[in-house]
Each structure stands twice: as C-alpha cells, then as structure tokens.
Enquirer: 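Take a look at this one; I'll ask things after.
Because only heavy atoms are used, hydrogens play no part in the values below, and waters and symmetry mates are left out as well, while side chains stay in.
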Amino acid sequence: MEKLNINNRRYLGSKNKLVSFIKEIVENNCGEYESFLDLFGGTGVIANAFNNNEIQVYVNDILKSNYCSYNTWFGSEKIDTLKIEMMIEKYNNINLKNDNYFSINFGDMYFSKNDAKQIGFIREDIKKKYKNKELNKRERDALITSLLYSADRIANTVGHYDAYRKNIPLKDCFKMYKLDIENNENSKNKIYNMDSNKLVKEIQTDIVYIDPPYNSRQYSDAYHLLENLAEWKKPEVYGVARKMDRSKIKSHYCTSKAVKSFKNLIEDINAKYILVSYNNMGNKGAGRSQAKISDREILEILEAKGKVKTFETDYNYYTTGKTDIDEHKERVFLCEVGKKEKKYELFIAEESTFYGNVKSPINYTGGKYKLLNQLIPEFPMQINTFVDVFCGGFNVGSNVSCNKVIAIDNNKPLIRLLEMFNSKRYFEIISQIEKIIKKYDLSNTYEYGYTYYGCNSDSGLGSYNKDRFVNLRKAYNGCTSDTEEKDYMFLALIIYCFNNQIRFNGKNEFNSPVGKRDFNNSIRNNIKNFCERIQNQEIQFIAKDFENMKENLQDDMFFYFDPPYFLGQATYNENNGWNVEKEMKLLDFIKHIDNNGNKFALSNVIEHKGMKNNILIDFVIENNYNIRNLTYNYNNSSYHKKDRESLTKEVLITNY
C-alpha cells in the first residue's frame, strides 16, 4: 500500500513548492544557525525541510489537526510503526451498521454514509485505546494524522470544508493509509499548539519563519471538519457546512487587525533572523483573496527591527476556480535583526499599493473627494506643477497626476498635519495616536469593540468620550508653541470630534464637540492609503494666504482653487471667515494668473438657497470664462437640515 508523507495533503497556502526557494535563501544569507522556528506551520513542510539531527526545530500552529501531524513527523517519543500499521490494516477491514457522531453529522454530505461510519468508529477507537494506555501520545497522533490525511483525500469538497458539493453521487471508497514515518526520537524538536503572538514572547531561536494567513479566509472555517475530527469533543454543528464553534481559533491575521497583530509579533520576536513569506496580491483577485497586509507595511515593520532584503519567485496562487490571477509573485522578506546601518529603499519610487482615488483622513468642510471623478477629467491632460490653493484636506492635490504639487492653505495646524502625513511612517502616526488614546482614556473600538463601552455603532461613543475628549481639547488649546506632540493631539481631536471636522473659535481655540466615532478601521485605512500616496509625490506645503504666490508664478503652473464659498454657511465662514473683500481679492488674483498665461480651475457655488453670487457670475461673464456644472450636493452638512434639498448650483470655472 502507498505510504503518505507530510506533504501529501491539500492545504490553502501550502509552501511545498517553495521549500527549495526558502532553503536557498537561508543557506545563502543566514550563516550558521542551530535552531529554526516555523511559527505558522500549516502542513509543516517548511519545518520538515529543516528537520535533522543538527538543527533544533520548533513548529507551531493554532489548529489541533496540524499539531497532531507535527507530533507524528517531529515528535520525540518512540513510536512502534509496526503496531500502527497493523491497526490501520484492521481498521480498513471493519464492517459497521450503527451510526455514530461523525456519520450523523457528515454522512451523505462530505462522505458517503458508510465511509462516515468508518471514520467516526476509527476516531472513537483511537481515543479509547489512548485512554487505556494501549497507545502513547505520538502513536495516537500518528493514527489521527493517518485518519485526517486519508479522509481528506476522498472528501466531497473542492479542497476545503467551507461547503460540500451537492447532488454528487458518493461512493464508498475510504481506506486508511499508512504513513512514511522515520522511527527517530527527534530529541531536539519542540512542538506547540499556541497563538503565535503569545508563543514568540516565550521562545528564543536563531531563525523564525513566518507564513501568516494572507486574507480573510479563516483556516478554522476551511478545515473545521478536520479540526473537529482531531479534537473529537463531538460539539454541536450547525449550518449547511456543518461547522462547529470556532471562535477560539479565529485568527486576527484574517481581519482588519492583521497589520497591528503583525507589528506586535515582530516587535516581540527574539531571534537573529526573521523570514517572512507573503505575496503581492494587494487588490488583485476576489475580495476575500486580497492580502490584509501590504508589502510596504511589512517593510516598515521589519525595518524597525533590522536590515531587510527581499526575494521573490513566481507562484501559482490558490483560488476556487473563479479568479484568474496573472503575474502572481510569492515574496520572501529576510530581516537581519539589529542590523540597521542601511535603510531599505525598495518603495521610494514604487507606486502605491492602493489603486484609485485615496481619501484624506482629514474631513475638511467642503472636501472634494466625492467630486474627484468629475473634477479630474476636466483638468488639463499634462500638468507639470499643480498648485492646490485652499488645499484643505488635500483630497484633490493628492489624486492628480502631475510632476509636482504645491499645496497652500492659511490654516497652519492643517498644513503641519499634511506635512506629518508626508514625512512620517504610517505606524509611527498610529503609535502616537494610540498613546494619546491611552493617556486620555478615550474609547478604542478597533481593539475592544462597541459592547465593551456599553453602546453600539448607532448610539455611538459620545457619552463615553465626552469628558475625556474635553480634557484632550483643553490640553491642546493650552499648548502655546507648535510641537510634534501638539500635531498628534490635533489629529486625535479631529478623529474623535463631531463629523471629524476642524473648527476654531475667534480665540483660535479648537471648539468642535465630541463625535460618535473613534479611531476605527476606516480612519486607519484612510491614513495608511493617504500616507502611501503622498509620500510617492513631490509636494511642497505652504501655510500662507494665496496672494503670496503672486511673486512666485511660473509658466508651468496649473492652479486649482477651492475657496470658502461666499454663499456658504459652513464652519470656515464663522467668525467673519470669508467676506466680500476676500472674495474680490481672490478674483483679482485669479485674473492676475490668467493674464500671466497660466491655466486655472475654480470650484465654487453660483446659487444657493435662492441666493446668487452675482460678483462671481459677473466676473465669469466679463472674462468669458467657461462654466461646467457639477452634480454633488453636500447633504451630510449639519447646517440648516430642513433646507438640505434646496437648490445649490456647484460649478467648475476654467479659463480653458
């Protein structure tokens, strides 16, 4: 009879085809080493490649089914292979009439009824013999492993247990295979069945190999049936797929917490080298297949730990047959811990991993993110220097294709924030905001969820955060000088305030009230994508009034104006923020750049709630400028809610 080896199993993300590639990286770059940890072991094929009498191998996985396999192949107990093979032959010749837990729950679905009876009986008998001390632990796990591998070979699935194929005639074809086990003691090896983030705090090794889940596909969902069979606690199962409760073995690496979990993991590792397998899925493939951690994030986290090299090879990515992905690469990152003399610069000239328009994390009143698809096609095809006057949250300038951007706004704290996004690493920003959250005891639903604070997303977090937010606001307004700490406090206030909007009173004090939301995953992603985008652009930020550009006009400059609207009543028009005098100064400046031969585009409103901006209308007619109508209304504004449906004519005015 054919004997099975460790690699004879279907498994999502299996690295069986990458073994030689990974070994070559280690042999050529890691020098001498005595220990190797396969932290997210999966099938265990990588650990197996390094398993010899000279290297101490550690292997870990959170799934019990994988742990049984590790003990089979890498365990240190002596094993009677002849006894195991005789038991397998006996199991293959049994005839059963009675149903059992396994046949009741999985028969005529994943297996024929008779095959399910046989699998359930075998598993119960293994448990009985281990309890009666007829088997030691490794012998028990070897039989369980044989049962798992053999059952998986004939299962009525497409490679995982998220579902079974319906209307398929199921034949009785189960047989239990013998295993190709070398009868050695593997005395140096250690096997774990733990959360990886907890294990690295307890272990020291020369090399750590990390192959975390890539996407939202939970392994506990894909292999729930095999996990049930390995544990054999006979839990209640439910749903069409007959899944058990898997909440305790869900992975953060398949959720929005993947990046933070990976960062914490790397920080806690005690090793000479860290080897990370990941791929370039980015935004390719189906939604559930898209990678949760970008290459840039991996690099930033690893660079904080040491010197990084990257290696890549072509690799066929697993799909369920509905997605055709070209040019898929498996990337391996090697970090030499503690070596930081040379910064890794792979991504300086590389495009953002986020495709399409990015949204500014600053919800500035009148922001043009939702109008980008109307605005940008109206701009000239070729732009050398894009001058974003009244840049606000910088939604437009960050998304325009050009060689250089000059971003101008007279709001100095706002410009300092934009400069911070342009110069700081994403994780540094996140870390500083989390420190402020902790210092002022603000809510953190990203970490704990809404129920922890006695509310839900509808009622919001205002009641919990109100006094804490006021304390932060007082501390910010009390800062008399511009510092980096004050900038982070300003960003925290924006995140936690009403509608994330910036508002200052006549004393130049931030006075927005507390909002319903906190530092959630959406805002974190906006910060990440925004930083990634603008850090790949040449940008100059200027905290001055627009008129200062008069002396610095250049022929290659295209000007985009998004001023406070003269007819508007938003926060920037409070405290006499925008008036007739300022409107006239702006129009004079626009005429000046027009006379200089520069092209411009001006966003504005010519009619609002029955009022018309006759100053602007006359200016357009007098100079024969072009008007393009825009179709977006700011219906989320808190101003005059009962008049939200009133006619507003928003336009783009150009001299071309």
Side-chain angles (χ1 to χ4, degrees), residues 4-12 14 38 40-45 47-48 59-75 77 79 84 87-88 91 100-107 109-111 115-131 135-155 157 159-162 164 174 176-179 181 191-196 218-237 241-251:
L4 300 181
N5 212 319
I6 191 170
N7 60 357
N8 297 136
R9 182 182 169 191
R10 301 178 295 179
Y11 201 78
L12 292 170
S14 174
D38 189 353
F40 297 81
T43 59
V45 293
N48 186 61
V59 60
N60 173 67
D61 200 281
I62 199 169
L63 296 184
K64 185 73 172 181
S65 50
N66 290 335
Y67 175 79
C68 290
S69 176
Y70 304 156
N71 196 32
T72 300
W73 310 109
F74 312 127
E77 275 189 301
I79 185 170
I84 297 301
M87 290 183 65
I88 289 174
Y91 286 145
N100 53 51
Y101 169 82
F102 199 81
S103 62
I104 292 170
N105 287 295
F106 304 108
M109 286 176 272
Y110 291 100
F111 307 92
D115 282 352
K117 288 179 183 179
Q118 188 175 3
I119 293 168
F121 172 85
I122 293 170
R123 182 63 186 90
E124 185 66 26
D125 193 62
I126 294 171
K127 178 180 179 180
K128 178 181 177 181
K129 284 181 167 53
Y130 177 68
K131 184 177 180 180
L135 301 167
N136 64 29
K137 186 177 180 181
R138 190 180 178 200
E139 290 169 342
R140 179 204 65 178
D141 288 346
L143 287 168
I144 293 173
T145 298
S146 173
L147 184 63
L148 294 174
Y149 275 50
S150 302
D152 191 50
R153 277 195 151 199
I154 64 159
T157 70
H160 57 80
Y161 296 83
D162 263 333
Y164 57 88
F174 175 78
M176 200 167 168
Y177 286 83
K178 298 176 183 179
L179 303 178
I181 305 171
I191 302 164
Y192 299 92
N193 180 211
M194 290 180 61
D195 181 301
S196 296
Q218 291 276 358
Y219 281 76
S220 57
D221 293 342
Y223 301 110
H224 65 91
L225 184 146
L226 300 182
E227 191 69 4
N228 190 342
L229 193 59
E231 288 191 318
W232 203 241
K233 295 179 180 178
K234 302 178 185 177
E236 180 182 356
V237 295
R242 312 300 290 158
K243 294 179 180 180
M244 60 183 182
D245 179 16
R246 306 165 312 288
S247 57
K248 293 183 179 179
I249 52 174
K250 294 282 188 180
S251 173

Enquirer: Could you work out, with ring pair (Phe, Tyr, Trp, His ring centres under 6.0 Å) as the rule, every residue matching F102, not counting sequence neighbours?
Expert: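 Here the qualifying residues are F106, F111.
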Enquirer: Compare all side-chain heavy atoms of N66 with those of F40 and state whether any distance is below 4.5 angstrom.
Expert: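 Contact flag for N66/F40 side chains = no.
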Enquirer: Please identify which of these residues, L226, L148, V45, meets the side-chain contact (heavy atoms from CB on, under 4.5 Å) condition with R9.
Expert: L226
Enquirer: Who passes salt bridge (Lys or Arg N to Asp or Glu O under 4.0 Å) against E139, sequence neighbours left out?
Expert: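 Residues passing salt bridge (Lys or Arg N to Asp or Glu O under 4.0 Å) with E139: K83.
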Enquirer: With a 3.5 Å distance limit and no angle check, can you tell me whether D152 reaches the backbone of Y149 through a side-chain donor-acceptor pair?
Expert: no
Enquirer: As an exercise, state the distance from NZ of K250 to OG of S220, rounded to the nearest 0.5 Å.
Expert: 4.0 Å
Enquirer: Answer yes or no: is there a side-chain heavy-atom contact under 4.5 Å between V59 and Y192?
Expert: no
Enquirer: Report yes if some heavy atom in the side chain of K129 is under 4.5 Å from a heavy atom in the side chain of L143; otherwise report no.
Expert: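 A side-chain contact is absent here, since even the closest heavy-atom pair is not under 4.5 Å.
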Enquirer: Quick one: does S103's side chain have a donor or acceptor within less than 3.5 Å of a partner on A116's backbone?
Expert: no
Enquirer: Once side chain to side chain donor-acceptor pair (under 3.5 Å) is applied, do any residues pair with R140, and if so which ones, sequence neighbours excluded?
Expert: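 Residues passing side chain to side chain donor-acceptor pair (under 3.5 Å) with R140: none at all.
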Enquirer: Quick one: does L225's side chain get under 4.5 Å of N228's, heavy atoms only?
Expert: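 The answer is no; the side chains never approach within 4.5 Å.
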Enquirer: Could you report the tightest heavy-atom contact between L135 and I126, atom names first, then the distance?
Expert: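 Where L135 meets I126 most closely, the heavy atoms are CD1-O, 4.1 Å.
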Enquirer: With a 4.5 Å cut-off on side-chain heavy atoms, are I144 and K64 touching?
Expert: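 Of all side-chain heavy-atom pairs linking I144 with K64, none is under 4.5 Å.
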